[in-house]
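What follows is a short report on a single structure.
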Amino acid sequence: MNYTSTRSKDTSISASQAILKGIAPDGGLFVPESIPKMDFSLKAIADMSYQQLAYEVMKLYLTDFTEEELKGCIERAYDAKFDTEEIAPLVSADETYYLELFHGKTIAFKDMALSILPHLLTTAARKNHIDNEIVILTATSGDTGKAALAGFADVPGTRIIVFYPKNGVSPVQEKQMVTQKGDNTFVVGITGNFDDAQTGVKKMFGNAALAEDMNKAHFQFSSANSINIGRLVPQIVYYFYSYALLLRNEEIEEGEKINITVPTGNFGNILAAYYAMNMGLPVNKLICASNENKVLFDFFGTGAYDRNRDFILTSSPSMDILISSNLERLIYRIAGNDAEKNTAFMRSLTENGKYEITESMRKGLADFYGNYASEEETAATIKRIYDACGYVIDTHTAVAATVYDKYRKETKDTTKTVIASTASPFKFARSVMCAIDPALDSMQDFDLIDKLSETANVPVPAAIEEIRTAPVRHDTVCETADMEKTVRGILGI
Ligand SMILES: *Cc1c(COP(=O)(O)O)cnc(C)c1O
């Protein structure tokens, strides 16, 4: 299985090379030349552990990894770092199923992929005889940054630099990042928003002069952002796993279709569900949930993607995104895997901030339903579900639950539905607790966390306990325009 770029048909590289490069030199994203079909039966996966299933799914994509290499990566990733043996438990609540993807080190779903990416990357470097030190350069809207830092901290042969919007992440998210340990970790706040950070990082990846100077000093970039195929592939696993758990618990019959609802920002998580569906997972609808930054809702409704609008800071900051990078992989596919067509759309997005797909391409969106949740609706959903069943969900998951409610009311579809629960409520304790009782807003951050623990009847996760007293180790802030200068400073070039 080789990988090609969404922007040039002549690219064809191995999986390990695609993981190392992160993004194609032409600015495109790597995609498998075709989406592989599952070569296992649904019945067979019903009894598999997360690790076994991860191997079955990932081996279809990472074909140049040996069995030993891939199993080694999986074993080192999905171990006692997770606070439950199930890795991603499925919780039945409010007449639906919540796939809890937040049991890793940093209590958000990014851990699912970022626990394994460092192992995939260092294995890929070994396979390709890379001697340079690998510099992970990442822009984060909050959760990726910490999950990447935790994954790469003190991994030999790597260094990690994370840029985040100084005023665009939650206090817990920021504290988690700036207290990160590890001599190879660097965290920088920028004065802009997430899109500025992402654009700045993308520019550096495409900067030939910078690449040359780095190479002279024995460095090379790689990306831990969700555009890396090494992030996308591990995320496909848990959609199969949720299906396996539903089968195991006799909630569905083999072959029965399910809906999957995903709170969406950069479109990586839901794209993984789309890949799972195209591999053969029985899916009826992929429900794409946005917050008030509803570019995707508008896109699904009109076929026009338009980022020319105000950027809204919401209580679900990891979804505060106006350019959903991974959407490019879907555009490429519904354009008939046509790199030229896709490139024209992406050029229009860069130059005009918008593009409009053709009528025939719109037919390719039939698997999706898009909607969004306002801030008020999101808070009301948290309260409603808590009142109804004592289950406390975070703000991102609440966006998804709200949109799923809208979908159900609109369509009367009763297909069993899995909602991707992307963060622990402890990560967004203030928003969550104030949704349940606005009077709590006067409490201090950590008092709120204790209150949440009491309310949800869930112990405070280790990831939160850790930062209670941890010293700040990173306090660099830079102007958006100075990102390259900052990186050069860190690398001493
Ligand atoms: C990153 C993130 C999302 C959005 O996922 P995408 O793959 O970027 O669409 C949703 N919720 C949480 C908690 C996240 O960290």
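Residue numbers run from 1 in the order of the sequence given. Whatever order the structure lists ligands and atoms in, that order sets their numbers, starting from 1.
- Contact annotation: the side chain of Thr122 never approaches that of Pro118 to less than 4.5 Å [non-hydrogen atoms, C-beta and beyond].
- Going from atom CG of Leu452 over to atom NZ of Lys427 covers 14.0 Å, rounded to the nearest 0.5 Å.
- Annotation: side chain of His103 is in contact with side chain of Pro89 (closest heavy-atom distance under 4.5 Å).
- One N or O on the side chain of Ser453 and one on the backbone of Val458 form a donor-acceptor pair closer than 3.5 Å.
- A cation-pi arrangement, defined by a distance under 6.0 Å to the six-membered ring centre and an angle within 45 degrees of its axis, is absent between Lys354 and Phe299.
- Residue Thr422 has at least one nitrogen or oxygen atom sitting less than 3.5 Å from a nitrogen or oxygen atom of ligand 1, judged on distance alone.
- The N/O atoms of Lys110, backbone and side chain alike, include one that comes under 3.5 Å of an N/O atom in ligand 1.
- The distance from ligand 1 to the heavy atoms of Met319 drops below 4.0 Å at these ligand atoms: 10 (C).
- By the 30° and 60° cut-offs, the orientation of the rings of Tyr78 relative to Phe82 is tilted.
- The contact set between ligand 1 and Ala423, taken as ligand atoms under 4.0 Å from a residue heavy atom, comprises 13 (C).
- Less than 4.0 angstrom separates some heavy atom of Gly268 from each of these atoms of ligand 1: 6 (P), 7 (O), 9 (O).
- Among all protein heavy atoms, the one lying closest to atom 7 (O) of ligand 1 is Asn269 N, 2.8 Å.
- Annotation: Phe30 is not in aromatic contact with Tyr3 [ring centroid separation under 6.0 Å not met].
- Protein heavy atom closest to atom 5 (O) of ligand 1, with residue, atom name and distance, is Phe109 CE2, 3.5 Å.
- Residue Gly265 has at least one N or O atom closer than 3.5 Å to an N or O atom of ligand 1.
- Residue Pro263 has at least one heavy-atom neighbour below 4.0 Å for each of these atoms of ligand 1: 4 (C), 10 (C).
- For ligand 1, the atoms sitting less than 4.0 Å from at least one non-hydrogen atom of Thr264 are 9 (O), numbered in the order shown with element in parentheses.
- A salt bridge is defined here as a Lys NZ or Arg NE, NH1 or NH2 lying under 4.0 Å from an Asp or Glu carboxylate O, and Asp405 with Arg384 meets this definition.
- A salt bridge does not link Lys257 with Asp413: every distance from a Lys NZ or Arg NE/NH1/NH2 to an Asp or Glu carboxylate oxygen is 4.0 Å or more.
- The distance criterion of under 3.5 Å between nitrogen or oxygen atoms is not met by Ser226 with respect to ligand 1.
- Protein heavy atom at the shortest distance from atom 6 (P) of ligand 1 is Asn266 N, 3.5 Å.
- At a heavy-atom distance under 4.0 Å, only backbone atoms of Phe267 (N, CA, C or O) approach ligand 1.
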